[in-house]
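Before any comments, here is the structure.
Just so we're on the same page: letters track the sequence lines, and every chain starts at 1.
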2 protein chains.
Amino acid sequence: MPLTRDQVIETAFEILRDYGLADLSMRRLARDLGVQPGALYWHVKNKQELLGVLSVMIMAPSDSGPTGSDPGSDALTESGAIAALRLQSRTIRRALLGVRDGAEVVALTHALDPESLSVLRRLAVGFEAAGLRGHKAGWAAKALVHYILGSVTEEQTRSGLIQAGVLAAPAEMSDAEDAFDFGLELLLAGAATTTNAPR
Amino acid sequence: MPLTRDQVIETAFEILRDYGLADLSMRRLARDLGVQPGALYWHVKNKQELLGVLSVMIMAPSDSGPTGSDPGSDALTESGAIAALRLQSRTIRRALLGVRDGAEVVALTHALDPESLSVLRRLAVGFEAAGLRGHKAGWAAKALVHYILGSVTEEQTRSGLIQAGVLAAPAEMSDAEDAFDFGLELLLAGAATTTNAPR
DNA sequence: ACCTGAACACCGTTCAAGT
DNA sequence: ACCTGAACACCGTTCAAGT
């Protein structure tokens, strides 16, 4: 039977998960599927589109949870909204960490088309619930996304280099999470004060 | 006369400035220098090292200004330290914007070796002056660097796509600076409150 | 509709051999 | 010391031609 788009995507995801972004070439993908490289372009526009699909898959585990219009939670209060943003941010980090080079793939997709991923919109809604009006909610969401993608990309690059034997293992392991949480608090505390001083 | 390392670096910088990172290949660089590709490897270890040198050059315009131990300024007070950090951050952004794909080049270098650029250390010193103790100053500096590199990378990617005709020009131009400043204030306000509430 | 074969226009890096 | 020639092992994408 013929190759399907889903097979292409699934195999691409497996290469990414097991070997990383550097090994995810169209030619390697074709080889793993037992097909000529050109065949892929029947199922997929180009590599960028493929990475876009993978980005959505990587982020999928963070797509559940509260949206902006979620009644029955304390997200109606501003401090509740901040708490929700903290939770969402950690969930996104976990989703990115779940796939090798996940943050880099999502960052690539996000750079070429910031609107394509739904994260931004959801976080912006969260910041509106936290009391940020006008452009400010969107700006805050962008800042948070840059922070998350930058942090996790560095974290994954680091562990990739260690696994490759290029870097030695760090003395103090896993303060990465503490560092992430601290930077997150900085951003959220800043948003909270910006809300409380609306002059 | 023989090729010098400085010529290699200078020509690489010109390609980057005039044509962008995508055009800066070792082969293109060799062609512009009138030399075979292999010749470059006598002067430079590999492409990564070359990008590291370019990163330092890109950041150079932001290397002046106040350091941590700068007497005779009001940086001795915590709010003065915050003001200094705000100024430094804007200066770094301007330096990155000064070279095509500057933020991406620096981000690449930073990802593979976060210690190599001196920015991080300087910003960490700034956060210490602002009252953050222990790991916190370093964490705050990392957060700020991720934010700056992420913001400016997106800004430059965007203008690159527009120039290439892939994207239409934005309706509201240059709210990029407002967006940057807002995110910056978030981070700095967060740092200020974290300082004032040392419980 | 779906794929092959083959090409086009590239990459970064190495290294014996030349001068 | 410094460079050439040539190779190695790759890339992403296109497209006529086949089935």
Side-chain angles (χ1 to χ4, degrees), chain A residues 1-16 18-55 100-101 104-105 107-109 111-113 157 160-161 164-166, chain B residues 1-16 18-55 100-101 104-105 107-109 111-113 157 160-161 164-166:
Chain A
M1 58 270 173
L3 190 63
T4 66
R5 180 178 223 253
D6 281 0
Q7 277 175 72
V8 172
I9 290 166
E10 196 50 50
T11 303
F13 189 79
E14 283 165 12
I15 294 175
L16 181 65
D18 298 342
Y19 302 96
L21 182 57
D23 278 39
L24 180 52
S25 68
M26 297 302 271
R27 302 184 98 105
R28 160 71 184 271
L29 176 55
R31 209 183 315 133
D32 282 21
L33 286 165
V35 96
Q36 295 296 315
L40 298 176
Y41 291 83
W42 181 262
H43 301 280
V44 128
K45 183 162 176 285
N46 51 32
K47 188 174 181 177
Q48 184 51 50
E49 192 208 29
L50 184 59
L51 292 180
V53 174
L54 295 182
S55 293
R100 189 116 79 123
D101 295 329
E104 200 175 342
V105 172
L108 278 175
T109 299
L112 296 194
D113 185 7
T157 300
L161 295 181
V166 183
Chain B
M1 59 268 176
L3 190 64
T4 66
R5 179 178 224 254
D6 281 359
Q7 277 175 73
V8 172
I9 291 166
E10 197 49 51
T11 303
F13 189 79
E14 283 165 13
I15 295 176
L16 181 65
D18 299 341
Y19 302 95
L21 182 58
D23 279 39
L24 178 52
S25 67
M26 297 302 271
R27 301 184 98 105
R28 161 73 183 271
L29 177 55
R31 208 184 316 132
D32 283 19
L33 286 165
V35 97
Q36 294 298 313
L40 298 177
Y41 290 85
W42 181 263
H43 300 281
V44 128
K45 183 163 177 285
N46 51 35
K47 189 174 181 178
Q48 184 51 49
E49 192 209 28
L50 184 59
L51 292 179
V53 174
L54 295 181
S55 293
R100 187 113 83 120
D101 296 330
E104 199 176 342
V105 172
L108 278 175
T109 299
L112 296 195
D113 184 7
T157 300
L161 294 180
V166 184

Toss me the dot-bracket line for DNA chain D: Watson-Crick and G-U wobble, both under 3.5 Å, 5' to 3', using | for pairs to another strand and [ ] for crossers.
-> ||.|||||...|||||.||
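The residue among A/Arg31 and B/Thr4 whose nearest nucleotide of DNA chain D lies closer to the 5′ end is B/Thr4.
Closest approach to the A/Pro2 side chain among D/dC3, C/dG12, C/dC2 is made by C/dC2 (side chain taken as heavy atoms from C-beta onward).
Taking only side-chain nitrogens and oxygens, A/Trp42 never comes nearer than 4.0 Å to OP1 or OP2 of C/dC3. Residue A/His43 places none of its side-chain N or O atoms closer than 4.0 Å to OP1 or OP2 of C/dA1. Distances shown here put a side-chain N or O of B/Gln36 below 4.0 Å from the OP1 or OP2 atom of D/dG5.
Minimum heavy-atom separation, B/Met26 to B/Asn46: CE-C, 4.4 Å.
For the C1' atoms, the distance linking C/dC3 with D/dT14 amounts to 14 Å, nearest Å. With both ends at atom C1', the span from C/dC15 to D/dC2 equals 14 Å, rounded to whole Å.
Counting only heavy atoms from C-beta outward, the side chains of B/Leu54 and B/Thr109 never approach each other to under 4.5 Å.
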Exercise answer: donor-acceptor pairs, residues 33-44 of chain B side-chain atoms, under 3.5 Å, sequence neighbours excluded:
none

Set out, line by line, the N/O atom pairs under 3.5 Å between protein and nucleotides 13-17 of chain C.
{"residue": "C/dT13", "atom": "OP2", "partner": "B/Tyr41", "partner atom": "OH", "Å": "2.6"}
{"residue": "C/dT13", "atom": "OP2", "partner": "B/Lys47", "partner atom": "N", "Å": "3.0"}
{"residue": "C/dT13", "atom": "O5'", "partner": "B/Tyr41", "partner atom": "OH", "Å": "3.3"}

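Between the P atom of C/dA1 and the CZ atom of A/Arg5 lies a distance of 16 Å, rounded to the nearest Å.
Between the side chain of A/Arg100 and the main chain of A/Asp18, a donor-acceptor pair closer than 3.5 Å is present.
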